[in-house]
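A quick write-up on the structure given underneath.
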Amino acid sequence: MCDMPSGESTQASDHEPELVRPTQEDRVAAAGSELIGGPLGRRGLTGTSWWSPVRVIALVAIGMFALGLVQKAPCYNGGWFFGAGSQYTHACYSDIPHLYQGRGFADGLVPYFDKLPGDMQYLEYPVLTGVFMEVAAWLTPGSGSLQDQAQWYWMANAGMLMACAAVIAVCVTRTHARRPWDALLVALAPAFALTATINWDLLAVALTAAAMLMWSRGRSLAFGVLLGLATAAKLYPVLLLGPLLVLCWRAGRWREYGKALGGAVVAWAVVNVPVMLFAFEGWSKFYTFSQERGVDFGSFWLIMAQNSSDPLSTETVNTFATLLMLLCCAGVAVLALTAPRRPRFAQLAFLIVAAFILTNKVYSPQYVLWLVPLAALARPKWRDFLVWQACEVAYFLGIWMYLAYTTSGDAHKGLPTDGYHWAIALHLLGTLYLCVMVVRDILMPERDPVRRSGEDDPSGGVLDGAEDVFVLGPAARPARHAVHFEGPRVKWGTTGATGSSL
């Protein structure tokens, strides 16, 4: 007599979503999988062993992070402390050991409250990042030489940042329930590993990734709290409230947006207000420094300044950069309200952060970390992701070779100014390329890798499958798709349901 499945097991299997395997829909992913035995078959039992997607991806992310630490090894015992040029020629520079003494942590000074010797009178980082830096200082032994302490400080920060990297991998894996393997884009991103320990950006990136996960689960208040904390660590996460406003406007989800906004404001205030009240001058240093900082590495503004006999003043650049960013915001809003289908939240989040990076007067190499998780959610296509990553790795090498050139005196070892300009252009073009691909997916949803599998907006939370209530332009009329497409369609108002093929 055959064993019949129990009602409990049948019900559980009916509710488990079928996972989308990139190796079955992405030729580059399929080709790359040959290194580990080829694409996973349809009958592969990924959910019945300890090796679930989230565990595999978290371990891969930690492994890549460890490789990034190894890449910094030439500086650990030398470049950070002896012969400044070697940290550039080996491309292993990090702010962390330099700021251990430079920002008073070696002397036990309290960030924002105690003045620093030298030109930078106070710590120029947001409050939550300052707390992160201070915790690492508490974990650093106070004995030994200054070099020993700086090495311990870097290792303490590296351990905490590794935890942030694991959080990012787990959150991106779980944000799109049916597409966990897309998070391998984050875990294997070479620019992610190379830049993870240059600065403290991973803290804000981890909080932002956690916020995106909460929004995808419909927990708008938790999203707001986490995004407010992320903004207390770095300024860029607040930009996500802009596209979310437009999407909630189109879907009429004002209550959820209000909860998200309120949670963000309260969380940011809880971190910042105490420091504002008792050490306003130190607290405001981040904002005044950002305003007064001149044109710096990685921006097209630097190319213009270095090729001009009369470069623009800092105030003028601030004004033009702000205007350009506002134009980009307006463009994203128009795109969101006029697209044939409401764009996915991750798509607009990626575009708005990319716009900030492209128009800003400075682009530090670690800023790529801001975009990596958003890119994996917005455009989970291996070819396009790797093209962009190649451009970012080229820029990563370019800036260090340029600094090696400028610090080598008459020897001129490294990349001259013109070569560095080409590296900047490559970074800009790579980011623009990925933006164009995301915009194309928005205008032609049938080309969106996520929506081709029959979903609407798996990272959209309450927006997923919601009806439109406010639409502008041709989108207000029945959608007419630009190309013929045969495949599943999502019906508005039904989450994850499929309609008839075209």
Side-chain angles (χ1 to χ4, degrees), residues 19-41 44-73 157-198 201-203 205-210 212-213 216 346 366 368-390 392-393 396 434 449-450 458-459:
L19 301 186
V20 176
R21 298 183 175 90
T23 53
Q24 293 180 350
E25 64 175 23
D26 191 306
R27 288 180 295 178
V28 176
S33 69
E34 296 296 336
L35 296 173
I36 56 173
L40 183 67
L45 302 178
T46 58
T48 61
S49 70
W50 187 88
W51 296 101
S52 64
V54 67
R55 289 180 175 135
V56 170
I57 292 168
L59 289 174
V60 171
I62 292 172
M64 286 293 291
F65 187 96
L67 289 177
L69 299 184
V70 173
Q71 189 268 332
K72 300 294 187 290
N157 277 283
M160 295 164 66
L161 292 171
M162 180 180 286
C164 292
V167 168
I168 294 166
V170 170
C171 290
V172 175
T173 303
R174 292 182 170 177
T175 296
H176 288 179
R178 292 188 59 226
R179 304 183 62 93
W181 294 109
D182 289 342
L184 273 177
L185 292 165
V186 177
L188 292 173
F192 192 98
L194 290 171
T195 62
T197 55
I198 290 179
D201 293 62
L202 276 186
L203 172 61
V205 178
L207 289 168
T208 304
M212 293 285 291
L213 174 61
S216 72
Q366 72 272 11
V368 67
L369 297 170
W370 306 355
L371 286 178
V372 170
L374 298 177
L377 296 172
R379 176 70 179 169
K381 199 73 173 176
W382 281 83
R383 180 201 63 187
D384 298 333
F385 189 89
L386 291 176
V387 167
W388 169 58
Q389 282 291 290
E392 292 297 330
V393 171
F396 174 84
L434 203 54
V450 174
S459 63

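Side-chain atoms are counted along with the backbone in the values below, which use heavy atoms only and exclude waters and symmetry mates.
- Summarising the geometry, atom CG belonging to Asp201 is positioned 4.5 Å from atom CD belonging to Gln366; distances are rounded to the nearest 0.5 Å.
- A donor-acceptor contact shorter than 3.5 Å links the side chain of Lys72 to the backbone of Leu194.
- Of all the heavy atoms in Leu434 and Arg379, the pair that sits closest is CD1-CG, 4.1 Å.
- A distance of 7.5 Å separates CG in Leu185 from CG in Leu386, rounded to the nearest 0.5 Å.
- Taking CG of Leu184 as the reference point, atom CH2 of Trp382 lies at 5.0 Å (rounded to 0.5 Å).
- To the nearest 0.5 Å, atoms OG1 (Thr195) and CD (Glu392) are separated by 8.5 Å.
- Looking only at side-chain heavy atoms (C-beta outward), Cys164 and Val205 stay at 4.5 Å or farther from each other.
- Of all the heavy atoms in Cys171 and Ala210, the pair that sits closest is SG-CA, 3.6 Å.
- Heavy atoms only, all atoms of each residue included: Pro449 and Arg179 are closest at O-NH1, 3.3 Å.
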Less than 3.5 Å apart, which donor and acceptor atoms pair up between the side chains of residues 57-66 and the rest of the protein, not counting sequence neighbours?
none

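- By the side-chain contact (heavy atoms from CB on, under 4.5 Å) test, Val54 is found to be paired with Ser52, Val170, Thr173, Arg174, residues two or more places apart in sequence or in another chain being considered.
- Phe385 meets the ring-ring contact (aromatic ring centres under 6.0 Å, His included) test with Trp388; sequence neighbours excluded.
- Atom CG of Leu202 and atom CE of Met160 lie 11.5 Å apart (nearest 0.5 Å).
- Across every non-hydrogen atom of Ala191 and Gln389, the tightest pair is N-OE1, 3.0 Å.
- Nearest heavy atoms, Ala346 versus Leu377: CB-CB, 3.6 Å.
- Lys381 has no carboxylate O lying under 4.0 Å from a charged side-chain N of Asp384, or vice versa, which leaves the two without a salt bridge.
- In this structure, CG on Leu207 lies 9.0 Å from CD1 on Ile168, to the nearest 0.5 angstrom.
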